[in-house]
Amino acid sequence: QVQLVESGGGLVQPGGSLRLSCAASGSIFSINVMGWYRQAPGKERELVSTITNNGRATYADSVKGRFTISGDYRKRTVFLQMNSLKPEDTAVYYCRMIGNYVYWGQGTQVTVSS
């Protein structure tokens, strides 16, 4: 069974940083897009950032200049460096990888609070 496992979430003060990691395991499958979504309480899940297999990255306007995505398609891993965190960034962050199928992680909690 293919699984995506996230790590790196936690509690951080405003202005702080966190680095999220996601790794795929299980059966062999091809991936051409990797990325991150997030969902805050009472809100719909929203796209945060994606990176294609040619290295092109996209970011939500709310995180541009603060977050940086990186990945390794050979290792099937993706990362999200989050700097200058704000309380509005508080959410469950989900890893997503797309190939022949769409794969989702179970999510990791990020809480930004004093």
List, one per line, each side-chain donor-acceptor pair under 3.5 Å for residues 68-75, sequence neighbours excluded.
residue	atom	partner	partner atom	Å
D72	OD1	R74	N	3.0
D72	OD1	K75	N	3.2
Y73	OH	N32	O	3.4
Y73	OH	M34	N	3.1
Y73	OH	I51	O	2.5
Y73	OH	N53	N	3.3

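- Partners of T108 according to the side-chain hydrogen bond (donor to acceptor under 3.5 Å, both in side chains) rule, which considers only residues two or more places apart in sequence or in another chain, do not exist here.
- We find the OG1-CG distance between T111 and D89 to be 11.0 Å, quoted to the nearest 0.5 Å.
- Taking every heavy atom of both residues into account, G8 and L18 meet most closely at O-CD2, 3.8 Å.
- Residue pairs meeting the ring-ring contact (aromatic ring centres under 6.0 Å, His included) criterion with at least one partner in residues 2-26, sequence neighbours excluded, are absent.
- Listed by chain and residue number, nothing satisfies the side-chain hydrogen bond (donor to acceptor under 3.5 Å, both in side chains) test with Q3 (two or more places apart in sequence, or in another chain).
- Residue V102 shares its hydrophobic cluster (ILVMFWY side chains chained together at separations under 4.5 Å) with V33, Y37, L47, V92, Y94, I98, W104.
- Tested against L4, the residues R76, Q106, M97 include a single side-chain contact (heavy atoms from CB on, under 4.5 Å) partner, M97.
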### Query
After noting the C-alpha distance and the side-chain angles of S49 and R38, does the key distance pass the side-chain contact (heavy atoms from CB on, under 4.5 Å) rule?
CA-CA 10 Å; S49 181; R38 67 185 181 186; over 6 Å; no
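- Within the structure, disulfide bond (SG atoms under 2.5 Å apart) pairs that include any residue of residues 80-114 comprise C22-C95 (at least two apart or interchain).
- Shown here are the side-chain contact (heavy atoms from CB on, under 4.5 Å) partners of S21, two or more places apart in sequence or in another chain: S7, R19, F79.
- For N54, the side-chain contact (heavy atoms from CB on, under 4.5 Å) partners at least two apart in sequence or on another chain are T52, R56.
- The shortest heavy-atom contact between A40 and A91 is N-CB, 3.8 Å.
- With sequence neighbours left out, Q39 forms a side-chain hydrogen bond (donor to acceptor under 3.5 Å, both in side chains) with no residue at all.
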### Task
Let me see the working for T90 and Q109 under side-chain contact (heavy atoms from CB on, under 4.5 Å), right down to the final yes or no.
CA-CA 8 Å; T90 296; Q109 177 70 49; 4.1 Å; yes
Please output the side-chain donor-acceptor pairs of residues 80-88 that fall under 3.5 Å, not counting sequence neighbours, one pair per line with the distance.
residue	atom	partner	partner atom	Å
Q81	NE2	N83	OD1	3.0
N83	OD1	S17	OG	2.9

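- A search for ring pair (Phe, Tyr, Trp, His ring centres under 6.0 Å) contacts involving Y103 returns F29, not counting sequence neighbours.
- Among residues two or more places apart in sequence or in another chain, the salt bridge (charged side-chain N to carboxylate O under 4.0 Å, His left out) test is passed with K64 by D61.
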